[in-house]
Protein chains: 2
Amino acid sequence: MNDDAPAVRRRRGSELEAAILRATWEELGAVGYMNLTMEGVADRARTGKQVLYRRWRNRAELVLAAMRSRVVSIADDVPDTGELRGDVLAVLDRMARRYDDVGPDVVHGLMAEARDLDPVFFSIMTGVMETILRRAADRGEIRPGAVGRRITTLPADLLRHEMLLTSAPVPESTLVEIVDDVFLPLVNSRAGRRR
Amino acid sequence: MNDDAPAVRRRRGSELEAAILRATWEELGAVGYMNLTMEGVADRARTGKQVLYRRWRNRAELVLAAMRSRVVSIADDVPDTGELRGDVLAVLDRMARRYDDVGPDVVHGLMAEARDLDPVFFSIMTGVMETILRRAADRGEIRPGAVGRRITTLPADLLRHEMLLTSAPVPESTLVEIVDDVFLPLVNSRAGRRR
DNA sequence: CGAATAAGAGACGCCCTGTCTCTAATGCCG
DNA sequence: CGGCATTAGAGACAGGGCGTCTCTTATTCG
């Protein structure tokens, strides 16, 4: 008889970690953030709670890790349509679709529980918009340095506000409104904001 | 012997309700939203959990009721400084101070747990801004109907976004930025947004 | 006054947290 | 290749809150 063969196979290290993050993502989809428990994730991943607590201090950190393992950063592929309006619309659209994937439930839950997700999560859009505006300036569409920080982040800020409040998918028309009625008029105003 | 005198006095109806809401508010200040429990409130109000559950279905509803019992609506006293800029700054300042009273903890918690506080809570500012803009139009400061819905709510939306993300008190300079760099330029742009 | 109502008090089962324990699978290093 | 350090998997544990239920009795209304 072969008594040397292990009764069960044990995962370790990154293999186990990946399995847990996958289980977290599935659990998130199955029960939502509010009803997600460490026990539920551990069961789904066929492991014990201790293994989870060894890696993440709490639910918020676990879910954040699960999201990061899924997400390709918006910053990695900045739209380049050859026109400022098209670029901004494209990047807002990506934001909106990303949010639909994650769900308002998760975002609200994380904001309530995680005390510091601002830097990584919300400041990404600043860099993306700066790239878009620099390209527009290179093209001669706008004057370099004509757009201050507040206006730079304005489209993303307004969309984020919309998403946080409504919890329903943001329609395309809202994106157009943000760009055509708010952002572009400010960029094109002859005053040329500086701050 | 006076055996007819009740051993303990029992509060009822609105008297009891007021005591519970007061206790909820105190508990909120003492332990914050995340650590607020129905048991904690019941103990502080010297009553039983059942009495709470008879009136509110859960923590979110209880806290909402406690807030409503405290708050004088911003809509009840719209600023009137005689100038559009001053009015908008004043109303933003009230919003910001109101938020400081309540605390980011409570707002984030409520947004995560209460599934429908948009209507009552967030649409108030629309009416306030419409009043302010109407007065400005009457004064001849702006053209009547020159400001569309999106621009009307823009100052409040941007401030709210700021408050939801930063969790620190919003400085006066941010309010000025919102009004001078975003709102007023759009209102004064000769295009005069319509939508 | 008598009946209906609801407060106060406590117990209950359930679930989840976060920690601790133990055994045995795994991978590393000599 | 074999022994050892690591750590996964499994389960128990106390602690605490939820939401419901029960019981007694103060209060109010008709």
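All chains are named by letter (A, B, ...) in the order of the sequence lines, taking the proteins before the strands, and each is independently numbered beginning at 1. Just so it is clear, the model here is predicted, and its values are computed rather than measured.
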Novice: Could you tell me the separation between the CD1 atom of Ile20(A) and the P atom of dA8(D), rounded to a whole number of Å?
Specialist: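 Atom CD1 in Ile20(A) sits about 8 Å away from atom P in dA8(D).
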Novice: Whether Arg9(A) and Glu15(A) form a salt bridge (side-chain N of Lys/Arg under 4.0 Å from carboxylate O of Asp/Glu) is what I want to check.
Specialist: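 Here Glu15(A) pairs with Arg9(A) in a salt bridge, since their nearest N and O are under 4.0 Å apart.
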Novice: Please give, in whole Å, the distance from dG8(C) P to Arg9(B) CZ?
Specialist: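 About 9 Å, once rounded to whole Å.
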Novice: Report yes if a side-chain nitrogen or oxygen of Arg11(A) is closer than 4.0 Å to either non-bridging phosphate oxygen (OP1 or OP2) of dG9(D); otherwise report no.
Specialist: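 Yes, such a contact exists.
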Novice: Send over the distance from Glu39(A) CD to dG11(D) P, rounded to a whole Å.
Specialist: 13 Å
Novice: Send over the distance from Tyr53(A) OH to dG9(D) C1', rounded to a whole Å.
Specialist: 17 Å
Novice: With nearest nucleotide decided by heavy atoms, which residue, Ala45(A) or Gln50(B), maps closer to the 5′ end of DNA chain D?
Specialist: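 By nearest-heavy-atom nucleotide position, the 5'-most residue is Ala45(A).
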Novice: Can you sort out the partners of Asp157(B) under side chain to side chain donor-acceptor pair (under 3.5 Å), two or more places apart, ordered by chain and number?
Specialist: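 Asp157(B): side chain to side chain donor-acceptor pair (under 3.5 Å) contacts with Thr153(B), Arg160(B).
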Novice: Determine yes or no for a side-chain-to-main-chain donor-acceptor pair under 3.5 angstrom, with Glu141(B) supplying the side chain and Leu84(B) the backbone.
Specialist: yes
Novice: Check whether more than 12 heavy atoms from other residues, nucleotides or ligands sit under 6.0 Å from atom CZ of Arg98(A), and answer yes or no.
Specialist: yes
Novice: Can you check whether Asp87(B)'s main-chain N or O pairs, donor with acceptor, with Thr81(B)'s side chain at less than 3.5 Å?
Specialist: yes
Novice: Using whole Å, report how far CZ of Arg46(A) lies from P of dG11(D).
Specialist: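 The distance from CZ of Arg46(A) to P of dG11(D) comes to 13 Å, rounded to the nearest Å.
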Novice: Round to the nearest Å and state the distance from Asn58(A) atom CG to dT19(C) atom P.
Specialist: 11 Å
Novice: Going by side-chain contact (heavy atoms from CB on, under 4.5 Å), Phe183(A) matches just one of Leu186(A), Asp180(A), Val187(A). Which one?
Specialist: Val187(A)
Novice: Whole angstroms only, please: what is the CE-C1' distance between Met34(B) and dG17(D)?
Specialist: 13 Å
Novice: Over how many whole Å does the gap from Glu15(B) atom CD to dA26(D) atom P extend?
Specialist: 17 Å
Novice: Examine distances only and state if a side-chain atom of Tyr99(B) and a backbone atom of Met163(B) form a donor-acceptor pair shorter than 3.5 Å.
Specialist: yes
Novice: Where along nucleotides 2-7 of chain D does protein come under 4.0 Å, by heavy atom, of base (B) or sugar-phosphate alone (S), with - for untouched nucleotides?
Specialist: ----BB
Novice: Would one find a side-chain N or O of Thr47(B) under 4.0 angstrom from OP1 or OP2 of dA7(C)?
Specialist: no
